[in-house]
Amino acid sequence: MLYRARSLLSRLLSVCLMAAVSMQSMAEKEVERWGLNMTEGVTTVSRDIFGLHMNILWWCVGIGVVVFGVMFYTMLAHRKSKGAKAENFHESTTLEIIWTVIPFVILIIMAIPATTTLKQIYDTEEADMDIVITGYQWKWKYEYLGQDVSFFSLLSTPIEEIQNLKEKNPNYLLEVDEPLVIPINKKVRFLITANDVIHSWWVPDLAVKKDAIPGFMNAAWTRVDEPGIYRGQCAELCGKDHGFMPIVVKAVPQDEYDQWISERREMAAKLKAMANQTFSFDELYSKGEQVYNTVCAACHQANGEGIPPTFPAIKGSPVATGPLAGHMDMVINGSRTNPAMAAFGDQLSEVDLAAVVTFQRNAFGNNMGDTIQPIDVLKAKQQ
Amino acid sequence: MAHGPAKGFTRWLYTTNHKDIGSMYLWFSFAMFLLGGVFALVIRAELFEPGLQIVEPELFNQMTTMHGLVMVFGAVMPAFVGLANWMIPMMIGAPDMALPRMNNWSFWILPFAFAMMTSTLFMEGGAPNFGWTFYAPLSTTYAPPSVTFFIFAVHIMGASSIMGAINIIATIMNMRAPGMTYMKMPLFVWTWFITAYLLIAVMPVLAGVVTMMLFDIHFGTSFFDAAGGGDPVLFQHVFWFFGHPEVYIMILPAFGIVSAIIPTFARKPLFGYSSMVYATASIAFLSFVVWAHHMFTVGMPLAGELAFMYMTMLIAVPTGVKVFNWVTTMFKGSMTFETPMLFSIAFVILFTIGGFSGLMLAIAPADFQYHDTYFVVAHFHYVLVPGAIFSITAGVYYWLPKWCGNMYNETMGKTHFWTAFIGLNLTFFPMHFAGLSGMPRRIPDYNMMFADWNMISSVGAFLFGAAQILFLFNVIATIRGGKKATDEVWENPEGLEWTVASPAPYHTFSKPPQVS
Amino acid sequence: MSSNQDNTVEHEEYYVPEQSKLPIFASIGLFLTVWGAANWLNGDANGPMYFFAGSLMFAFVLWNWFSIVISENIQGLNSPQLKKSYVIGMAWFIFSEVMFFAAFFGALFYVRSLAGPWLAGEGEQGLGNDLIWPGYEHEWPVMTTPDMAANGDSATMRGPEQNMSNPGLANWLGWLPFWNTAILLTSSVTCHIAHGALKKDNRRQFNIWLGLTVLLGIAFIILQIEEYVHAYNEMGLTLESGIYGATFFLLTGFHGAHVTLGTFMLLVMFLRSVLKGHFKSDDHFGFESASWYWHFVDVVWVGLFLYVYVFG
Ligand code: HEA
Ligand code: HEA
Ligand code: CUA
Ligand SMILES: [Cu+2]
């Protein structure tokens with residue numbers, strides 16, 4: 001609480017300072033913190049867009065100066081208190097034509113580069129690699145097409161920071177457990193879709209924003225110049241945690257990327273093999289707790305009490321304390337009646353599924369005492 | 001032979017008098033403005049600093065949604081209809097609206113519709129939480145049960161709007177006093193005439209799209225579900241075919257009000273009357289072919305993207321004509337700055353700023369960066385708050401003495417203006433920066449890099465809210481007493497409304513005046 | 001429920017009723033109707049009660065409203081200017097109805113010509129869609145939904161078994177929509193003839209042709225019901241039959257509802273003429289607006305016939 005009060009105070013102070021001190025004299029770092037303008041980004045397209053943005057902005061400022069300039073002049077010069085006498089003119093075809101034509105010409109000047117840039121954005125042909133991006137409530141799935149690599153990417157900011165119990169780190173809400181890794185200087189094509197509602201995949205530095213629409217595949221592309229970590233957020237209202245599904249893209253040199261992808265492929269193979277292994281209750285339980293907290297707790301809450309009536313409790317749930325088959329069915333195939341409870345069968349590995357079901361049946365006072373093995377999940381899936 | 005108003009509260013329930021109905025619309029709208037404003041204050045309080053403190057994300061989304069819906073359908077639209085009711089018959093020399101009973105009906109549907117809409121806040125699963133644009137499938141497959149109530153509320157208030165619009169069209173076409181030709185009508189009448197056509201053309205489309213939702217939700221159709229061959233984006237096309245003209249429905253009457261006020265206080269006739277009429281008509285016409293500029297990122301084909309970009313940009317031309325006409329009207333006038341004039345001048349400047357950001361949004365490639373950020377929120381509040389709300393406020397100050405026969409308190413009016421003006425710019429200007437530096441809209445929590453702008457916005461919002469209390473107070477005080485207003489109220493204002501007594505008698509123009 | 005018009009005072013040139021209880025009760029009725037409907041749909045047991053109570057109230061108020069308007073006209077309160085207001089009102093009301101249908105036609109064109117092909121992977125927007133819906137081919141009517149193409153038997157969004165489309169010109173005589181078209185077009189003609197007869201003050205002819213129009217309207221409705229029963233029972237074509245079922249039933253359904261309303265309006269006009277001797281050769285707005293409505297419904301049908309059936 002105390003640190004909050006302090007940070008609040010200091011920010012309020014800095015707000016006052018901001019008003020007092022002119023923008024010019026502000027420290028470089030301060031300007032960045034205040035975030036004044038659009039990012040120039042790290043791709044040709046993002047720089048073109050930034051150029052367009054500044055270009056239109058200056059046109060508007062220019063027109064504004066003229067229009068408001070005349071207004072302020074007349075407000076000062078032609079006031080009754082200064083003895084101004086009103087004239088009576090109220091028509092001039094010449095003037096009307098002039099101020100129809102000039103804006104029109106300005107618009108054409110703006111439209112030409114806009115058209116060029118747009119064409120460039122739409123040129124998704126001849127990509128070096130494809131990544132399928134799927135939006136879920138509330139996480140992203142990245143699938144490297146033809147590489148056997150796919151994973152989910154979730155917010156990794158600790159809940160304590162969100163609830164103001166702990167100081168916020170600089171990447172607050174803009175950090176994930178598994179970033180998307182792409183090579184630099186390669187044309188990467190994103191095929192973007194969604195599993196439930198519409199999301200929008202947006203990374204300002206790449207100037208890519210494309211809606212993820214369930215049932216349709218949208219295409220976008222990027223070619224990043226500089227290695228680095230680029231952060232973005234979901235940009236279409238997608239329900240409760242719309243504000244909590246960030247995107248992190250890590251652009252790395254090609255060799256680093258190659259190494260990463262081969263590690264990933266190995267991991268995937270290992271995970272598959274694990275589906276035939278048997279685990280102890282404790283292993284499954286603790287693994288399950290982890291899965292539960294990252295995946296399920298968004299709705300069912302960390303304490304298992306859910307947010308009734310929208311999200312039912314797991315604690316004492318008739319399903320989680322009922323027959324195993326029903327519980328497995330709910331988790332693997334999702335709810336028949338409520339699409340918010342998605343089919344996790346194809347989102348989680350067999351191990352994770354076994355673990356989370358084991359956890360749910362034994363945590364929060366649900367003392368069912370059973371242990372579910374990955375093989376049971378496989379069997380249930382086949383039914 | 002004119003009757004006075006009936007006694008008791010049944011006067012308001014059963015009335016067919018355009019002035020009574022106009023007043024009810026205005027009061028209703030103000031109440032909704034406060035309600036929507038309270039929702040906005042909840043939003044701003046939560047966004048005062050990073051972290052979740054006041055409301056949970058679910059409730060936050062409900063606040064955003066209800067704020068948008070209540071402001072658009074409950075505050076701005078009814079306020080304009082209220083002004084139309086009061087002023088159009090007086091401006092064209094008509095005894096009343098053309099269809100007086102239907103007029104009352106149009107009004108009385110609204111309180112019920114909004115009672116129904118607001119009641120969803122107390123329902124199981126909460127109020128609509130999918131934004132005022134209610135995109136499917138968030139608003140269909142994934143919606144709370146209260147969405148059904150929302151759908152029917154939209155249906156009936158749509159019916160109210162359509163009837164209101166028909167009434168206005170019939171009044172203008174049929175009830176003009178002898179000699180009041182179309183090209184002699186005050187611009188407020190003209191802009192409303194055109195707005196009414198927009199309403200009749202798009203409210204049924206809104207009804208259509210909510211009906212499709214209803215069927216997707218309850219009867220198993222698949223309009224917005226690709227699995228069955230439908231398309232979630234279909235929703236957006238139909239919605240914005242309504243939605244874009246809708247935003248002009250919220251600004252064209254404002255143009256009319258400002259075009260009445262500026263000449264009065266510049267003591268100079270409106271510059272370019274006929275080009276104003278043509279510009280309004282062009283804006284209305286163009287508004288039907290630009291809807292997809294709200295959807296640049298949904299993945300339309302390039303050709304569509306370009307066409308919608310060009311069309312949208314084109315709207316700047318007729319709108320510019322209007323702005324230039326207002327400025328030229330002021331030029332070489334003999335200006336005074338009473339409260340209505342202050343609000344009108346602020347309207348011209350701030351609306352133009354909002355228009356500029358609109359034009360920036362229209363540039364499709366740039367919109368890829370702007371879309372769904374606070375830059376958009378800044379844009380539309382600049383056209384809606386100093387646009388729609390300021391024009392309505394200006395109109396109320398301008399005509400209030402005519403309505404109730406008393407002069408409002410000028411000092412308080414000016415105080416209201418300056419507080420509102422400062423509050424508003426504090427609230428909405430920083431949103432441009434927050435948006436440009438990457439803050440998405442409709443989020444309850446954000447990274448610290450947006451914190452400072454948000455804090456300023458929140459402070460501004462409360463200041464702006466406080467200003468509205470002053471307004472309420474001033475209006476009530478004026479109705480209850482104050483310096484008597486003359487029939488003309490202002491110095492040589494133009495228009496038939498100034499030829500009748502102040503307060504305007506219950507029935508004006510039972511015999512039509514002759515307009516020269 | 002009549003307005004408390006002071007009859008001793010000469011009415012103003014443009015009749016403005018002093019007060020009316022109609023609107024507030026109409027609002028309450030309307031509100032109860034939709035409130036009930038929403039509760040009903042959400043499974044509340046009291047929903048139907050509110051819904052029916054509201055509808056009844058609403059119908060009752062409207063009935064009174066029209067009676068009052070008619071009696072005002074008979075009393076001679078309605079100046080030519082007022083009548084023109086009614087004319088304008090009706091005309092623009094019909095325009096609003098046109099726009100309502102436009103939304104559904106727009107939806108039809110969009111899914112047919114744009115969304116469908118994209119789902120099947122065609123065009124620049126189709127890129128990658130075959131990853132989601134492998135095997136989906138777009139055809140209209142959509143008999144095999146994307147879901148069925150991709151998921152086979154486990155699909156939940158299923159297309160119809162048969163559709164209503166054009167069976168080929170040679171088979172039109174056995175094709176119900178053709179007969180419906182014939183009926184509706186004929187009824188527009190009979191309605192027009194009735195109007196002509198009324199203008200010539202030929203009451204007998206008017207009643208006959210108007211009565212005939214009503215009968216044709218009823219015939220259309222019966223056939224339409226027959227078509228729906230057939231669709232549900234034998235063709236496996238329901239509201240849930242993918243996008244084809246959705247567009248088919250909403251377009252024809254809303255049209256059918258409008259035909260029903262139109263028929264009812266014409267029936268009322270018929271009864272007013274037969275039982276009460278209403279309408280004069282130069283004063284018959286009630287009938288006239290019903291007939292406009294009827295022509296409008298007819299025009300919509302032509303659009304439906306072309307885009308839902310013939311080229312469907
Ligand atoms: C009163 C309401 C109103 C008005 C008048 C406008 C006016 C305009 N709007 Fe705005 N708009 C909204 C309300 C309004 N808008 C709302 C509510 C949304 C968000 C909806 C949502 O998603 O929730 C929105 C969103 C919105 C978007 C979508 C943004 C996005 O989501 O990504 C776009 C994109 O093109 C846009 C463009 C425009 C343009 C070009 C105008 C033009 O009409 C502006 C024209 C005016 C001028 C340009 C200024 C005056 C002209 C001159 C001085 C002449 C010379 C000027 C030049 C040549 C530059 N608006
Ligand atoms: C005409 C329309 C209109 C008006 C006037 C306003 C007015 C205001 N709006 Fe609104 N706004 C919208 C239309 C409008 N807005 C729309 C369409 C959206 C998009 C919604 C969506 O995303 O779906 C939006 C979204 C929106 C957001 C973004 C929310 C989000 O993305 O999550 C924010 C955030 O600050 C905001 C703020 C405000 C503020 C501070 C005001 C202020 O001007 C309000 C000032 C008024 C008051 C503060 C009332 C005064 C009352 C009191 C002080 C209390 C007294 C109480 C009693 C007497 C009971 N608005
Ligand atoms: Cu996902 Cu917003
Ligand atoms: Cu728009």
Side-chain angles (χ1 to χ4, degrees), chain A residues 15 33-38 49 52-53 56 60 67-68 70-71 74 78-80 84-87 90-91 96 99-100 103-104 107 111 114 117-118 121-122 162-164 168 172-174 197-198 200 204 207 209-211 213 215-216 218 233 235-237 239-243 309-310 339-340, chain B residues 50-52 57-58 124-125 131 135 137-138 141-142 226-227 232-233 267-269 271-272 275 297-299 302 305 310 313 316-317 320-321 324 327 330-336 349 356 360 363-366 368-369 371-372 433 436-438 440 442-445 447-449 451-452 455-456:
Chain A
V15 168
R33 201 166 81 90
W34 281 84
L36 265 182
N37 205 351
M38 184 190 284
I49 289 178
L52 270 177
H53 159 69
I56 335 160
C60 289
V67 176
F68 304 148
V70 175
M71 265 181 96
T74 188
H78 307 138
R79 37 174 74 211
K80 196 180 174 202
K85 289 269 171 306
E87 298 201 2
H90 54 82
E91 224 152 35
E96 304 265 9
W99 66 44
T100 310
F104 190 73
L107 292 176
T117 310
L118 197 61
I121 294 174
Y122 264 74
I162 297 173
Q163 291 171 342
N164 301 317
K168 299 178 183 6
Y172 179 68
L173 298 186
L174 299 176
V197 300
I198 302 179
S200 188
K209 183 184 282 145
K210 206 72 179 192
D211 291 3
I213 294 159
F216 285 81
N218 265 329
Q233 279 176 275
E236 181 62 63
L237 179 60
K240 178 170 83 67
D241 283 351
H242 159 61
T310 321
Chain B
L52 288 181
E58 298 96 286
E124 209 179 284
Y135 280 9
L138 188 61
T141 322
Y142 294 83
V233 176
R267 293 168 183 74
K268 198 164 147 270
F271 188 86
S275 70
T297 62
V298 299
L302 178 61
E305 201 97 349
Y310 298 147
M313 293 173 74
V317 175
V321 168
F324 301 137
V327 175
M330 287 164 38
F331 197 75
K332 300 217 161 147
S334 165
M335 273 190 279
T336 52
I349 296 176
F356 287 154
M360 295 173 74
I363 310 289
F368 279 87
Q369 292 284 42
H371 178 67
D372 259 322
F433 302 126
L436 287 176
S437 46
R442 297 165 168 171
I443 57 173
D445 192 4
N447 183 272
M448 287 77 68
M449 69 178 155
D452 303 307
M455 191 173 280
I456 303 179

- [ ] On the 0 to 90° scale, with breaks at 30° and 60°, tag the A:W99-B:F324 ring pair as parallel, tilted or perpendicular.
- [x] tilted

Open item on the list: Would you say CZ of A:F104 has more than 12 non-hydrogen atoms from neighbouring residues, nucleotides or ligands within 6.0 angstrom?
Closed with: no

Task: Residue part contacting chain A, namely of B:P444, when any heavy atom lies under 4.5 Å - done: side chain

Task: Interchain contact, A:I121 with chain B, by part (heavy-atom threshold 4.5 Å) - done: side chain

Open item on the list: Taking B:P365's backbone N and O only, do any of them form a donor-acceptor pair with A:T117's side chain (distance below 3.5 Å, no angle check)?
Closed with: no

- [ ] Name the region of B:Y135, side chain, backbone, both or neither, that has any atom closer than 4.5 Å to a heavy atom of chain A.
- [x] side chain

Open item on the list: Using side-chain contact (heavy atoms from CB on, under 4.5 Å), reason through B:M449 and A:Y172 one step at a time and then give a plain yes or no.
Closed with: CA-CA 10 Å; B:M449 69 178 155; A:Y172 179 68; over 6 Å; no

TODO: Identify which part of A:E91 has an atom lying under 4.5 Å from any heavy atom of chain B, answering side chain, backbone, both or neither.
DONE: both

TODO: Anything under 30° is parallel, anything over 60° is perpendicular, the rest tilted; go ahead and classify B:F368 against A:Y122.
DONE: perpendicular

Task: Partner chain B: residue of A:A84, A:C60, A:A235, A:G215 with the largest heavy-atom pair count (under 4.5 Å) - done: A:C60

Task: Under 4.5 Å from any heavy atom of chain B - which part of A:N218 - done: side chain

TODO: Name the region of B:I363, side chain, backbone, both or neither, that has any atom closer than 4.5 Å to a heavy atom of chain A.
DONE: side chain

Task: chain A interface, residue from B:L436, B:I443, B:V317 that has the most non-hydrogen pairs under 4.5 Å - done: B:L436

Task: chain B interface, residue from A:M71, A:H78, A:K85, A:H53 that has the most non-hydrogen pairs under 4.5 Å - done: A:H78

Task: Between B:T336, B:V321, B:V233, the one whose heavy-atom pairs under 4.5 Å with chain A are most numerous - done: B:V321

Open item on the list: Does any backbone or side-chain atom of A:Q233 lie under 4.5 Å from a heavy atom of chain B? Answer side chain, backbone, both or neither.
Closed with: side chain

- [ ] Measure the spacing between CG of B:L302 and CG of A:L118 and express it to the nearest 0.5 Å.
- [x] 5.5 Å

Open item on the list: Which atoms of A:K210 are under 4.5 Å from chain B, going by heavy atoms: the side chain, the backbone, both sets, or neither?
Closed with: both

Open item on the list: As an exercise: rank B:G299, B:A366, B:A226 by heavy-atom pairs under 4.5 Å with chain A and give me the winner.
Closed with: B:G299

Task: Among B:A364, B:G438, B:G320, residue most engaged with chain A (heavy-atom pairs, under 4.5 Å) - done: B:G438

TODO: Check each atom of A:I213 against the heavy atoms of chain B and say whether the ones under 4.5 Å are side chain, backbone, both or neither.
DONE: side chain

- [ ] Could you check which of B:P232, B:G131, B:G125, B:A227 has the highest count of heavy-atom pairs closer than 4.5 Å to chain A?
- [x] B:P232

Task: CD1-CG distance between A:I162 and B:L52, expressed to the nearest 0.5 angstrom - done: 6.5 Å

Open item on the list: List the residues meeting salt bridge (charged side-chain N to carboxylate O under 4.0 Å, His left out) with A:K80, not counting sequence neighbours, and say none if there are none.
Closed with: B:E491

Task: side-chain contact (heavy atoms from CB on, under 4.5 Å) between A:E236 and B:H371, worked out - done: CA-CA 9 Å; A:E236 181 62 63; B:H371 178 67; 4.1 Å; yes

Task: Gap separating the CG atom of A:L173 from the CG atom of B:N447, nearest 0.5 angstrom - done: 7.0 Å

- [ ] Under 4.5 Å, counting heavy-atom pairs only, tell me which of B:R442, B:Q369, B:E124 racks up the most with chain A.
- [x] B:Q369

Open item on the list: Under a 3.5 Å distance rule, please check whether B:K268 uses its side chain to pair with a backbone N or O of B:F331 as donor and acceptor.
Closed with: yes

Open item on the list: Which one wins on heavy-atom pair count under 4.5 Å against chain B: A:A340, A:G243, A:S200, A:P204?
Closed with: A:P204

